[in-house]
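Accompanying notes for the structure given below.
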Amino acid sequence: MASSQSVVKLVLDDTNCVEVNLHGATLTSWVAEGADMIFVSEKAVYDNKKAIRGGVPVIFPQFGAWELGPQHGFARISQWKVQQDPIKHDNGSVSAVFRLCDNEDTRKMWNHKFQVDYRIILWKNKLQFSLQVDNKGDQPFTFTTLLHTYFRLPDVSKTTISGLSNLEYIDKVANGERKTEQSGLLTVNCFTDRVYLKASLPHDITNVGGNQKTVHVTKDNFPDTVVWNPWADKAAGMSDFGNDEYHNMVCVEAGYVSESASLPVGQSFHASQVLEVL
Ligand code: BG6
């Protein structure tokens with residue numbers, strides 16, 4: 001990792017801690033019960049320009065291709081500030097807050113005044129991400145947003161994802177065709193890029209991390225769930241992702257993406273995700 005990288009650590013105890021890189025406020029490690037639950041590619045680039053390949057990049061104000069700026073927006077390639085240093089609370093948690101505001105660069109792409117506060121709260125075996133977007137300008141704006149969580153897996157073929165059964169999804173590998181999920185528990189076994197709509201049930205992701213735990217995902221005001229794995233051919237075309245690493249990850253992403261969120265002047269948007277090791 002380059003020495004110019006700023007990393008903030010939230011430490012609860014010897015076996016529960018988190019690292020957040022201020023480039024993109026990308027959470028790059030979540031150790032629970034001594035095992036990291038989060039995948040970061042061995043080929044990830046830490047140049048403060050490219051998005052970090054792995055972890056939990058924050059996607060804002062655009063999910064996917066964007067006519068005004070880079071794919072997945074600018075938040076994941078912006079330098080965030082620490083708004084609140086990690087503090088321990090009496091309830092047995094540690095929290096920190098990261099902030100991104102509009103600046104000359106963001107306004108060139110997207111001419112709106114905004115503030116994003118991103119609070120990360122670590123408990124024993126549990127991690128909460130809370131996003132607050134404030135409209136600080138004099139015009140309403142719309143945006144899409146998502147937490148692009150890369151889970152670390154010993155073997156993707158042994159992982160199942162619950163909470164998707166019977167949901168309608170946009171299949172991005174089939175020209176955006178709308179389909180209905182037939183499987184009760186999803187196992188990813190090919191190039192997969194899907195936006196599941198109205199995904200309101202929790203997701204249990206099995207066989208996560210070196211200790212092969214189940215991670216229980218709940219979310220609030222993130223109506224969509226994106227599931228992504230590039231598989232072999234796409235992986236081979238990515239310079240910041242190892243050829244074989246697709247075996248060892250799956251992205252299950254809590255998002256507000258299939259429709260845009262509208263934010264009137266002076267108002268706030270809130271959304272959150274909780275990951276819990278069962
Ligand atoms: C997913 C998208 O969220 O992110 C995919 O649904 C995309 O379409 C993937 O390929 C990775 O995007 P990027 O820009 O980090 O390579």
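Read the numbers this way: they start at 1 and go in the same order the structure lists the ligands and their atoms.
Considering all non-hydrogen atoms of both residues, Ser78 and Phe74 come closest at OG-O, 2.7 Å.
Asp102 contributes a side-chain N or O that, together with a main-chain N or O of Phe114, makes up a donor-acceptor pair within less than 3.5 Å.
Within 4.0 Å of ligand 1, protein heavy atoms come from Arg53, Phe63, Gln71, His72, Arg76, His148, Lys172, Asp193, Val226, Trp228, Glu253.
When Leu100, Asn21, Leu22 are each tested for a side chain to side chain contact (heavy atoms under 4.5 Å, CB included) with Gln79, only one passes: Leu22.
Ring pair Phe98/Tyr118 is tilted by interplanar angle, where 30° to 60° counts as tilted.
Residues Lys198 and Glu168 have side chains not in contact (no heavy-atom distance under 4.5 Å, counting atoms from C-beta outward).
The existence of a salt bridge linking Lys43 and Glu245 is excluded, since no basic side-chain nitrogen approaches an acidic carboxylate oxygen closer than 4.0 Å.
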